[in-house]
Each structure stands twice: as C-alpha cells, then as structure tokens.
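Sequence lines set the chain letters: A, B, ... in the order given, protein chains first and strands last, and positions in each chain run from 1.
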Amino acid sequence: MRAKYKLIASPIAAGLVCASGAAAQEAAPVASDASVFVFNTLLFLMSGMVVMFMAAGFCMLEAGLVRAKNAATICLKNIALYSVAGLMVYLTGYDLIYGIGEGGIIAPLNIFWGGDESGALADGYSAHSDWFFQMVFVATAASIVSGTLAERIKLFPFLIFVALLTGIIYPIQAGWVWGGGWLDARFDDFAGSTLVHSTGGWAALAGAIVLGPRKGKYVGGKVAPIPGSSLPMAALGTFILWLGWFGFNGGSQLALGTISDATDVSKIFVNTNMAACGGVVAALLLTQALYKKVDLTIVLNGAIGGLVSITAEPLQPAVWQAILIGGVGGVIVSLAVPVLDRFRIDDVVGAIPAHLLCGIWGTLVVPLSNSGVTFFGQLTGIVTIGAFVFAVSFLCWLGLKYTLGVRASEEHEHLGLDKAELGLEAYPEFTPG
Amino acid sequence: MRAKYKLIASPIAAGLVCASGAAAQEAAPVASDASVFVFNTLLFLMSGMVVMFMAAGFCMLEAGLVRAKNAATICLKNIALYSVAGLMVYLTGYDLIYGIGEGGIIAPLNIFWGGDESGALADGYSAHSDWFFQMVFVATAASIVSGTLAERIKLFPFLIFVALLTGIIYPIQAGWVWGGGWLDARFDDFAGSTLVHSTGGWAALAGAIVLGPRKGKYVGGKVAPIPGSSLPMAALGTFILWLGWFGFNGGSQLALGTISDATDVSKIFVNTNMAACGGVVAALLLTQALYKKVDLTIVLNGAIGGLVSITAEPLQPAVWQAILIGGVGGVIVSLAVPVLDRFRIDDVVGAIPAHLLCGIWGTLVVPLSNSGVTFFGQLTGIVTIGAFVFAVSFLCWLGLKYTLGVRASEEHEHLGLDKAELGLEAYPEFTPG
Amino acid sequence: MRAKYKLIASPIAAGLVCASGAAAQEAAPVASDASVFVFNTLLFLMSGMVVMFMAAGFCMLEAGLVRAKNAATICLKNIALYSVAGLMVYLTGYDLIYGIGEGGIIAPLNIFWGGDESGALADGYSAHSDWFFQMVFVATAASIVSGTLAERIKLFPFLIFVALLTGIIYPIQAGWVWGGGWLDARFDDFAGSTLVHSTGGWAALAGAIVLGPRKGKYVGGKVAPIPGSSLPMAALGTFILWLGWFGFNGGSQLALGTISDATDVSKIFVNTNMAACGGVVAALLLTQALYKKVDLTIVLNGAIGGLVSITAEPLQPAVWQAILIGGVGGVIVSLAVPVLDRFRIDDVVGAIPAHLLCGIWGTLVVPLSNSGVTFFGQLTGIVTIGAFVFAVSFLCWLGLKYTLGVRASEEHEHLGLDKAELGLEAYPEFTPG
Amino acid sequence: MKYIIAVVKPHRLEDIRNALTTIGVEGMTVSDVKGFGRQKGHSEVYRGAEYQVDFVPKTKIEIAITADKAAKVVEAICKSATTDRIGDGKIFVLDLQEVVRVRTGESGAAAL
Amino acid sequence: MKYIIAVVKPHRLEDIRNALTTIGVEGMTVSDVKGFGRQKGHSEVYRGAEYQVDFVPKTKIEIAITADKAAKVVEAICKSATTDRIGDGKIFVLDLQEVVRVRTGESGAAAL
Amino acid sequence: MKYIIAVVKPHRLEDIRNALTTIGVEGMTVSDVKGFGRQKGHSEVYRGAEYQVDFVPKTKIEIAITADKAAKVVEAICKSATTDRIGDGKIFVLDLQEVVRVRTGESGAAAL
Ligand SMILES: Nc1ncnc2c1ncn2[C@@H]1O[C@H](COP(=O)(O)OP(=O)(O)O)[C@@H](O)[C@H]1O
Ligand SMILES: Nc1ncnc2c1ncn2[C@@H]1O[C@H](COP(=O)(O)OP(=O)(O)O)[C@@H](O)[C@H]1O
Ligand SMILES: Nc1ncnc2c1ncn2[C@@H]1O[C@H](COP(=O)(O)OP(=O)(O)O)[C@@H](O)[C@H]1O
C-alpha cells in the first residue's frame, strides 16, 4: 500500500515526538510538524511536476520513432491523453483508488473528487499535492499505450480507451495495492513497475493484438523495419523520461520531512539513476554483440527498461544491485524487441518490452533485496493485475472495434494520419511525400 | 498587491508564534522562522527555474510554428529577449515595480537594482530569490510578443521594443497592482492573467497592427494559411510552457513555509493543471465540431489558453470550476484564431487569442470564485492596463517604424529572415528553398 | 574545498545552536537539525536533477550543430557517456575525489563506492544525495568532450576515453581541490569553472589535436564552414543547459537549510542568470559588429560562455560584476571561435572557447570579487590542473590511436557515422544524401 | 535508346521497382516531386482558415533503356503503378542519344 | 509533343502555375533543385569564417505538352517567372516521343 | 544543343562543378535523388530485424550545353566523378531543341 497509511506512521509520529519538546533532541533530530508537512507536500509537487513533464518525454520519444506522416497525430494524442487522464482521475479515478477500504476489491463508485483537506494534517501532506502526484502517474500509464499503437489507430477510439483506462481500469488495480485493497498485504510495488508500467504495457498489448500491425511491417514472413523519423527527438524524449523518473520513484517515498525519508529519497535517486545507466550500457553492448552495430533506438529503450526495472523497489537494493537490475532490463529490451516482431505484434516504440516485460522483471526481483517480500506474492500480483488489465482492455478494444472501429483505413494509413485525421502535416516543408 | 506586503502578514506571524515556544503547538503547527524563510525562498527559486525554462517553451513553440526559413531567427529572438529582459529588469524594471509606494501611479526612476537583503528576514524570503522570480515573469511577457510578430520583424528594432517593454511599460503597470499602486485595492490578478499575459498580448497586438501581416497571408480577401515547419517542436514547446506554469502560478503564492501556504500551492498546482486539461479537451472537441478535423495547432493554443485563463485566480476555484474556466479558454482560442484573421491581424503563433483574450477572460471571471473581488474592479484593471500598454506600445512601435523601420524588406521576407538577417539557415540540409 | 568540510562548519553549528533551545532565538532564527538536513539534501537532489538534465542539453546542442548524417551517433554518445560516467564514478571516481585526505595528491584506489550514510548526520545531508550531485558533475565534463570531437571519432574508443576521464582523470584533479587535497588551500573554484569545464575542455582539446579536423573543414588554407543541421535543436540545448546551471552553481553552495545559505543560493541564481544574459548580449553585439550579421550559433555559445565564466565564483560578485564577467565570456567565445580555426583545431560545437577559455577567465577573475583569493593561487590551479588533464588526456588519446584507432575511416566520415557505425539514419525521411 | 520518366504514386514505388527488375531493368533513378494534374489536390483547414492544397506528392522514376525494351518497361510500369484511381500518374518517353558509365567510360547500350 | 523543363525562382511558382493553367496546361511536375548559373551565390560568414554559397535554391517545373502549344507555354513561363533580376531562370525544350496515362493506358496527346 | 543528365556520388559534386566550370560550363542544375543500379544497397539491422536498403543516395546534375561541347562535358564529368568504385554513376545525353533565358527572352545557344 502506498500513500495514506504509510504516512500516518511516519511524519505524524515525528510530529508527536516534536510536540513533546526537548525530548526530541535525544533521538535523531526531527523537524517540526509544519516543516514535515511542507516537505512532504513539496516532494509531491516537485516530483509531480517532473512526472507531468514525462508526458513531453513520451511525446518526443514517440514523435521521433514514428514516420513523419504520423508525427503530428502522435503529438496530439499525447497532449490529449494527458488531459483526458486528468479529467478522468478527477471524475472517478482517484476515488476508485483510495475509496476501496482495507482488503477490498473495488471501491464504491463516487464521482468528482472532493478535494477534502481535512485529513491533511494527520496525513502529513496536502491532499491536493497527493492528488496531483497520483494523477500524473495515471497519465504515464496511458502514455505507454499511445506509443505502441501509433501510426494506425484512430484518434477518438484511442481517446475513449484512454478514458476507460485512466478512469476505471488503472484505478481498480491500483486500489488493490496502493489503496490498501486485497493485494496490499502480499504484494510489493514501490513506485509502480507493475501497477503503472505493466498496466500500461498490458493495455498496449491488448490494443496491438486487436489492432494488428501496420501495413508493410510484416511482409511475406519478413520484418520490414519502419525507421523513426527523428532519432534526436527520440533521444530527447528518453532524457526527459529519465529526468521525470527521479520524481516518479523519488516521490513514491511519499515523504521527505524526516532525516530518514530524505536519506531514502536520496538512495532512490541514486538507484534510479544507476539502473538507467545499467540499462543503457547493457543494451549498447548487447546490440553491438548481436548485430555488430549499436542500435540507438534499442539503447534508448534500454534506458527506459532499466528505469522500469528498478521502479518496483528503488530503495532497498544496494547500488550494484540497482545497476544489475537495470542492466537486465536493458538485456530484456534488446532481446524482446525482435521476439515481439516474431509474434507479429507491432509495437512502434518498443513500449511492451520496456514497460511490460521490464515491469514484470522488476517486480519479480524485489524479494532479492527486500526480505519482507515473497516471490510468490509478487507473482500473485503480476498475474492477477496482468490478467485483469489485459482482459478488460481486450474487451474494451474489441468493443471499440465493433462499434466505432479502431483502425484507420488502409488509405489513411498510406497517406499518414496527419493528413488523414488532422488535415495537416507535421513537417510540411520537409516531408517528401 | 503581491510580494512584499502579503508575506509580512504570514511567515513572520508564524515566526512570532514560533518564538513564543510551546504555545505554537496549540494552534496548527508552525515551522521555525528559519525554515519558513528557506521554504519561501526555495519556492521562488524552484518556481523561477521552471518559469525561466518557459523561455525554451516559447522558443520551441514559435520555432515550430514559423516556416523553416525563419526558424533560426525566432530562436535568436527568444534567447536575446530573455537576456535583454534580464538586463532591463536589473537596470530599471524591478525598482519601477516595487518602488511605487502605496496607491502610487509611478515610481521614481532608480537605476540598477541594489540587491539589498536587509529586509529579507522581515519579508520572510531572500530578496534575490524574489528578484529572480519577478525577472522571469517580465521575460514571459516579452516572449509573447516575439511569437505574434515572427517572420517579418527586424531583429534590432524588436530588441529595442523588448527593452522598452521590460524596462518601462511592464514595470509601470505591474507596479500599479503588485507594487501596491493605485489599482491594488480594487483589482485582483493572482499570477498575472492581465499583468503578464494580456500585457504581452496588447504589446503584440500593437506591433501586429503597425507591422502588418506577412506577405501572402491574406490574398484577395482570402486567408492563405502558412503552416508551421515542425509541429512536434511546437508540441514540445507547449509541454514546456505547461511545466513552467506550475512555477508561474504556484510560485505566485509567494510563500510555502506554512501548512496553509503549502496547501494553497498544492491547490494551485491542481487547478493550473486541470485548467490546461480543460483547454485542451475543449479545443479538441470544438475544432472537430467546426472543421471536422482536429487542429493540433489550435489544441496546443487551447492548452495555453486554459493556463492563461486560470492564472488570474488559480487558488480559489474548485477543481470543476478550474476545468470550466480553462475549457472556456480553449473555446476562446479556437474561435478567436480565425476571427483575428478576419481583421487581417496576422498573429503567427496565436499568442493574441491565448494570452490577451484568455487573460481578459480569466481576469473577469475571478469574482465568481473570489467574493472579495468585484467585476467592476476587474474591468477597471483590464481597461486601464490594456489602454496604457496598448497605447504606449503603439507609440513605441510607430516611433521605431519611422526611425529604424520595423519591417524586413519584401525581399528579405521572401528569402526568409534566417538568410537575410543571420546569414544562415536553421536546417541547411533539409530546406528545399 | 567543497562538500564534506564546509558543511561541518555550517548546518551542524546551526544544529548545535538549535539544540541549545531558546538561545537560538536571540541570533538569526535557525531551523531544526532535521529541517536543515532535509533542506541540504533537497538542494542536492533538486540541483542534481537539473544538472542530470544538462546531459539532454548537451545532446540537443550537439545534435543540432552536427550534420544530419552524424546526429544519431552524437545522441548515442551523449546517453552512453552519461551512463559510463555514472558507472565509473561508482567504481572509482567518487572515492578518488573524496578519499584523498587533507593536502594529498592522490587518494588510495578504492573500488565500488560504499554508500555509507553513517556520517550523514554530522555532514548535514544524505551521502547519497551528495554522491548523486557529484556524479552529474562528472558527466558534465565528459559531455563537453563529445561535442568537440563529433562527426569523426569512433564510438568505442570515445567511450573508453570517457571511462578514463570520469573514473580517473577528473577525480584526481577534483580531489586536489574539492576533496581537500594540496591545491585546496590556495585555489578557489566554487562550482567548477576549472575543475569541471576547463577539465572537459582540456580533454577535448587533446582529443581534437590527436584526431585532426573533419575532412573538408580546412581546404587550401581556408576554413570551410560545416553548418549544423538543426539550429532550433541547438537553441533548445542551450536553454536546457542554462536551466541546469541553476542547479550546477546553486547546488554548489552545498547547503540550503539556513537563512544565510538560502540567501546565498538566491544570489547565485541571480548572478548565474545575469552572467548568461551578459554573454548573450555581448556575443550578439560583437558578432553584429564583426560580421555585420548576428551569428546564432555564436550567441548560443555566448550564453554558455557567460555561464562558465561565472561558475568559478557565482556568489560574491555584485550583479553588475556578474553581468560583466559573463559579458567578457561572450566576447571570448565570439573571438576565439575563428581563432581556433586558424590553428586548425576543429571544435564542432565550440566547446573549447566556451568551456576551456571561459573557464580560465572565470577562474582568473575570482580575486576581483573575493578578497581571500589570490591571482597567483588561481593561476597555480589553472596551470597545474590544465597541465595534468591535458597531458594525461593526450597520452590516453595517443594510446587509443595506436591501439584501437580513434578516427573513423575517410569513407565512414563521408557516409556519416550514423550509417557507418550505427547502420541507421537520424532523419531517414528527410536527409537528401 | 530511350529515357523514360514516370511520375507515380509514392507508395507504388516498391512494386514498380520489383516489376522492372523482373523484366531486366538494371538501373533507375528516383526522386520526390510534387504533381499538379487531374488529381486536383483538396481543401484543408488550418487554424480555422480553409485553403486549397494544389499539389500531390509524387515519385519520379527515370530509366534509361534500350529502345527495344522501352515498350515493355512502359507496360510494366503501367501495370504495377495503377490503383485505378485518379492520380495514378504518367509516363513520358524521350529519345536518349548516349549513355556513359562513369567508372569504366563504357558507352552506349553496354553502359546501361 | 514537347517536354519542357523550366528552372525558376521558387517564389514565382504560384504565378507560373496560374499562368499555365490559364492557357490550358493540365499537368505539371515540380521539384526542388539547386541552381548554379550566372547568379553566383554569395559569401556568408558562419562562426567567424567567410565562405562562398555557390548554389541558389530553385524550382524545376516539367511540363509535357503538344508541340503546337509549346511556344505558348514557354512564353507564359517567361512572362510569369520574370522578376527582371539575375537568376530568373531558364527553360529547356526537349522532344517528347510518347506519353502514357497509367490509369487508363491511353497514350499520345490524349494522355496529356 | 544537348541536355546532359549525370547521376553521381554526392560527395563528388564539388569536384565535378569545378571541372565543369574550368571547361566553360556556365550553368547547371542539381538535385538529390535515390539510385537503384549495380550498386545494390546493403543490408542493415534495425531494432533486431535485418532488411535490405535498396537505394543509394545520389546527386543528379543537369547541364544544357551546345552540341560541340557535349563530349568535353561528358569527359570532364567522367574524370571528376570517378572513384573507381561501383556506384560511380552514369551520364545520359539527350537532344535539346530549345533554350530560353527567362529574364531576357534570349533563346538558343545565346541563352545558355
Ligand atoms: N502534362 C504533364 N506534364 C508533366 N507532368 C504531368 C503532366 N500531367 C500529369 N503530370 C504528372 O503526373 C501526375 C499524375 O497525373 P494525373 O493527371 O493526376 O493522373 P491521371 O490523369 O492518371 O489521373 C501529376 O501529379 C503530375 O505530376
Ligand atoms: N546550362 C545550364 N544547364 C542546366 N541548368 C542551367 C543552365 N544554366 C542555368 N541553369 C539553371 O537555371 C538557373 C538560372 O540561371 P541563371 O544563369 O542564374 O539565370 P539568368 O541567366 O537568367 O540570370 C540556374 O540556377 C540553374 O539552375
Ligand atoms: N538504366 C538506368 N536508368 C536510370 N538511372 C540509372 C540507370 N542505371 C544507373 N542509373 C543511376 O546511376 C546510378 C549509378 O549506377 P550504378 O549502376 O550503381 O553505377 P556503376 O554501374 O557505374 O557502378 C544509379 O544509382 C542510378 O541512380
């Protein structure tokens, strides 16, 4: 479980100690209640800001990895999905996550988040800051989907799916763990390797199956690569995601106001950073070994794979463990990208290897560094959440397919979604046609 | 009024309470004077950093929306205008804003900001942190102008106008409100819908009128669109602006060190974010309804329109109100872009709808959520500031027109300002001609 | 000296005062030990984040200033070098910097940083936060090298050099000053004009000499400019670097938790910002005067030159001094770029003028604003560090040259490293050939 | 010898190239062009203003070939380029007087 | 039939296209080229180094037309392309032996 | 007059242009093209999938010249374009019937 509960145990304890005056000086020094509150709130705000900026990271990564003729559409999808996520988390999502009650399976539906700050003092942070932080997490999961399905999915069906994902699917399973539901006691996912990244990955996988590959991607038993239009843009996107991940993982400590929390957040920063470094170097060496050429796009995916891998437990591992965990993430990505192609699952930006597979890996490896966590418990969470998200997403995609249709017409795909759906071009002066 | 006064009332009060020892624990807990000071200062620094980064956002947005042949010039203008703004705020601007005296109309001219930290303890924050925060606000107003006038204005006349705007025009009107001048008592503009965004918009409008439209924009009673050269770059710019806005509005709380300030900053973050979401979704649906195609460039403007709309009062509205206020901003932008064209006011990036019109809307709607504020008072501020900024800017532009000339020659415009004024190309390997 | 020592003198003192209870209220108010600890740690984390993001800034700047055919490779180098730097600082770097002992010349070799937090309370910040902050500094130095040597250096030899630079060369000289080694008592370099920027610059210069210029750069006694492929990308990179510099210089205060530290960080923000403004305006006016055209690429270098110049002492100068120091940096850059060409040293992005020369200038000018510092002491540091870094780098480059080879073959250079080394294109749909 | 210039829809290039290779064409040169023809472009809306896009992106293929094979080449292009929709493109046949292979200096049909 | 190749200043394209449409030209193909001609380029300064820009961006227009209309087309281009400045461009007229419309297989003048 | 089309390796352009200027060519038009020829492209790996890159980037040079100079031009290109490696390129010579200089209306050899 995340959020509410934990904090009651820390800053407030600190507050009590503080209130008892001079006594506080005997143990480790503590800050005043008010400072702790401000620090915790600030952690949410600062972290939330950079996680919000991950939307730009996904936008750039995806715009760089699609063809020029679909680049404007993917930008539109990214800014729209973030906005839809915001509205849906407000409408139903937040209350579905946190209204669930201990050990519960689903929260009673409650629309419009109330913004109640009355419990804030006891929680040790502003309710609004927490809401903001949770909201940007939900948007992240949706961003994962847009990349996989790029270049062929119609705009409005995609946005409808995003609304379902961010308003219902994600919140239900997040409630199971972070809301204190039935999985919370047996399963550990610090910042969301499973809850956010695999969830996004499962939803993307379901969509990719329903949607089918892009025209021309698999021709006569062969994979025809469709190179991305701007690799520097993709690199920029990766750097932005890396930056955002400090907030993603660091903010998930949910508290900053005590010496121990501040130290933990620092450890998380270091481990997050080093897991990404491990992912990059692993992907670099592995693509060189496999293909005799370093593949930049896989190295970028490797950074993300490393980051996703450490997300389930960025605090406990020693630094060298973090490097290895991230490094394995980089390996997974490098190997899985071509495997996925063998199954003819067309994942435009490599989101399924990086977010889904590395999310599973990162969750499974938690017991190694975290003694209170069992391998079996982790598996339970991965399987139940995976099954739930995949199944419901699949049904949603099918529903959309047989009503509005999800796939752009062959002609639109040829022409590019930019011209077909937006009636404009991303680079009108450059693209040859 | 903003800055100085308000803070005297909060952290210092907190400080006094704190100094009285145990008594503090009876009411809401308070942090120590020193912590409050550091928190407040940190808010300015952190917010100032991301607002500074808005310069990059404007740069990307504008570089993406101009033609390739003017993209390097607009980048130069953006980095140069920020630098000129910095120098002018130091030279005259800051003292013109805050030297005005209660109820005053204009401050005595005082050159070179002194950097006096002697009042800092009483103010509850470092004077330098406040200066930095104010400086980046001024630069924002100037950035608005560069977008509207892109692709046809000469470099040095533009920079001279920026110097006048940031050194004199903006500071005088900002002093009326945030400096505690005559408007302060009747008019409310939390983070600058009118003081920053409309001010930038009025200055841009005056410039657009004096300058006239780009060649080929209005041909025989028809509007000939001039598509932007890189929409992904424009999308990146919008995301950066969105990020920066958390600092823009959040930092305008001017204090973070108490539980109530931290909670208020959190509310501001949520409202700011949701207004932008509202603006995006409104523009998306509206352009789809009007043109049967979603127009990405207008959706991007819609995000900004939503952000500007909530800027006048990001704290008081409930979240649903923030969504609506931002949503109306998105509507305004969608409708105003073509209307402006009907008046043959050529606004290259849509800055006038987003910053000027949404700034007015946001300022007018404050009384709805903020009982202490009157509609009439708001109107007074909008009209007097608008009249002042527009009139003085118009005179400055005319003065420049009849001395140095403001408009690039027809040949230079054909060739593109990059080749004509900078003697280089933004994308030398790509641009066809 | 930086880090460890200094802090013992400040927050802990504050802590002691605080512990003595009411007495604290008589002098300037102080925060509790715990708050000070959290503030200091937060400063490292927040600053470290934006300095990490400077890797994206260098990546964009360099990708924008190389030709399209080498843009993917430079992106790969940038993400890889950051990752290698992370691993090497963990392996040997950090302990080489801080294990040196007072007045020492070289620390005993110690592999794998231990992550010991036991001294944190006494230090006043989390050891991990400090490690993170130091690590991103090291990466910065390596980023400087990649830009100079772009478009012709082979990938793996480059990465091996990065490993040597970040794991050995940088740490040894940084230990001399920031680790408390022999230079610490006589030499002052607040945030690393010499230790980071000149170090990167010397390493780059040695590489440029060993490597030779790009084919076609100097033809028959003439300089043939090789324009960068995307100036807006270069502008974005510069803005990101500017943003990161607030963390670079501000974080180097190493403490935030007292009123005086918070005020000092604020002063550093203002001076850092204004030095960059000075550099921009100086380069703008000077290129206009010299070439009758403003050169955007030099103006961007001017911003960086201004930032590097103020890095040696961003706290003590008055604002007008900071403007001048930065302005001279802009002048140096504008004049040195063509001079370097006269020596046929081919520096693709202008890193040597901006980082090496401005680093020297910034270090030499410290005595003007900082009475405790002597011109002779500064010169000692500049010369010894320069000689050490240049000589060792030169040997490393030569070693690489005669083993693996450092330079791409003529054919690869013609083809572009993207196709030759990565087997892909940065912009496959756009590039003509 | 003939110099054949074909202006076709970009996404047909792959098929056309295959068709030509099959009938023994060994070289060709391809570039991106904009076409104005019967296929009249279309109207679009940008920032609320409607406007006419007059040109259509096309691909130009140039092939030098011996006179006897020219008819076969034209036919092969016709077949592989057609989508039976307006804008399928056109083929122009010009007389080619001489060809030279740069590397060897060979000329005439041998250079093709 | 004739195959006319005109190399002109890019910003005249709009006018030229209008002029040609007026006299009944129904198709043309346009591409971006670099020209080296009398208009000699110019010298520029980049990062403090002076250098010569040798080429000038131009637009190439290709038009297939019946022989009788060729003169009118050349005249129309001349008129609409000129700015009376150096670099206005050139028009080349080649003999065109055959045209085929891909979609219908029509050939000769009917295919134009 | 002749209309010469040469398809060459992009990085030879500079030398070719110099060689042509030396022998008195006063104008030429250059564009970027993709070549399919003997030089067969190569296979690459992208994201773990191997694929064939069929085309090679080339530069197309077009030169209109009086008939008497044509041979010299072809020779000059041959010499300056060659790297003695496959893919060096080809030169096509077509008959040119008429040239007109837009600015002055001059025609024939005088317009070259
Ligand atoms: N007379 C012409 N001269 C040069 N190019 C032409 C001519 N007619 C057509 N084209 C080119 O051929 C392309 C296809 O022509 P279009 O008339 O649209 O095809 P169709 O008649 O087969 O439907 C055009 O876009 C243009 O590039
Ligand atoms: N002999 C030629 N062969 C091919 N293209 C030419 C030739 N002469 C000129 N051109 C093309 O025509 C363009 C205009 O020629 P230029 O000599 O500059 O014009 P003008 O003589 O009318 O001033 C050139 O940029 C070039 O592209
Ligand atoms: N028959 C042809 N028709 C048109 N262009 C051709 C033809 N043959 C070759 N080319 C062009 O010339 C370029 C060089 O040809 P290639 O056969 O690779 O050279 P070489 O035979 O000299 O090694 C090709 O890439 C292609 O663009």
Region of [X] in contact with chain B, defined by heavy-atom distances below 4.5 Å:
X: C:Leu285; answer: side chain
X: C:Val38; answer: neither
X: C:Thr238; answer: side chain
X: C:Val299; answer: side chain
X: C:Ala283; answer: neither
X: C:Leu256; answer: both

Report yes or no: does B:Asp33 contribute a side-chain atom to a donor-acceptor pair with the main-chain N or O of C:Pro29 at less than 3.5 Å?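 The answer is no, because no donor-acceptor pair under 3.5 Å joins these two groups.
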Hey, is the main chain of B:Asp95 close enough, under 3.5 Å, to the side chain of B:Asn110 for a donor-acceptor pair?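 No; zero donor-acceptor contacts below 3.5 Å.
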Report the C-alpha separation of B:Tyr90 and C:Met274 in whole Å, then their side-chain angles, then the decisive distance to 0.1 Å, and conclude whether the side-chain contact (heavy atoms from CB on, under 4.5 Å) test is met. CA-CA 9 Å; B:Tyr90 174 64; C:Met274 297 312 285; 4.0 Å; yes
What part of [X] is in contact with chain C, defined as an atom under 4.5 angstrom from a non-hydrogen atom: side chain, backbone, both or neither?
X: B:Glu421; answer: backbone
X: B:Ile74; answer: neither
X: B:Ser35; answer: both
X: B:Leu424; answer: side chain
X: B:Met49; answer: both

Would you check if the distance from the ring center of C:Phe246 to the ring center of B:Phe132 is below 6.0 Å?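 Yes, they do, as the ring centres are separated by less than 6.0 Å.
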With a 4.5 Å heavy-atom cut-off, do C:Phe239 and B:Met60 have their side chains touching? no
When you compare the side chain of C:Val348 with that of C:Val66, does any pair of heavy atoms fall below 4.5 Å?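 C:Val66 vs C:Val348: side chains touch.
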Determine the option with the most heavy-atom pairs under 4.5 angstrom with chain B, choosing from [options].
options: C:Val270, C:Thr287, C:Leu300; result: C:Val270
options: C:Ser230, C:Ser229, C:Ala235; result: C:Ser229
options: C:Pro225, C:Gly228, C:Ala318, C:Ala276; result: C:Gly228
options: C:Ile259, C:Thr263, C:Leu284; result: C:Ile259
options: C:Asn271, C:Ile240, C:Val281, C:Asn273; result: C:Asn273

Could you walk me through whether B:Leu422 and C:Asp295 pass the side-chain contact (heavy atoms from CB on, under 4.5 Å) check? CA-CA 6 Å; B:Leu422 306 194; C:Asp295 189 318; over 6 Å; no
Among the listed options [options], the residue most often paired with chain C at heavy-atom distances under 4.5 Å:
options: B:Leu45, B:Leu155, B:Leu42; result: B:Leu45
options: B:Ala80, B:Ala63, B:Ala55; result: B:Ala55
options: B:Gly48, B:Ser126, B:Ala420, B:Gly64; result: B:Ser126

For the ring-ring contact (aromatic ring centres under 6.0 Å, His included) test, which of C:Phe39, C:Tyr125, C:Phe37 pairs with C:Phe44?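 Of C:Phe39, C:Tyr125, C:Phe37, ring-ring contact (aromatic ring centres under 6.0 Å, His included) with C:Phe44 is met by C:Tyr125 alone.
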Does a side-chain N-to-carboxylate-O contact under 4.0 Å join C:Glu151 and C:Arg67?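 Yes, C:Glu151 and C:Arg67 are salt-bridged.
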Show your working on side-chain contact (heavy atoms from CB on, under 4.5 Å) between B:Met88 and B:Thr92 and close with a plain yes or no. CA-CA 6 Å; B:Met88 291 307 299; B:Thr92 58; 4.2 Å; yes
Plane angle bin for B:Trp245 and B:Phe248 - parallel if under 30°, tilted between 30 and 60°, otherwise perpendicular: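 Because their plane-to-plane angle lies in the 30° to 60° range, the rings of B:Phe248 and B:Trp245 count as tilted.
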May I ask you to decide if the ring planes of B:Trp113 and B:Tyr94 are parallel, tilted or perpendicular, using 30° and 60° as cut-offs? perpendicular
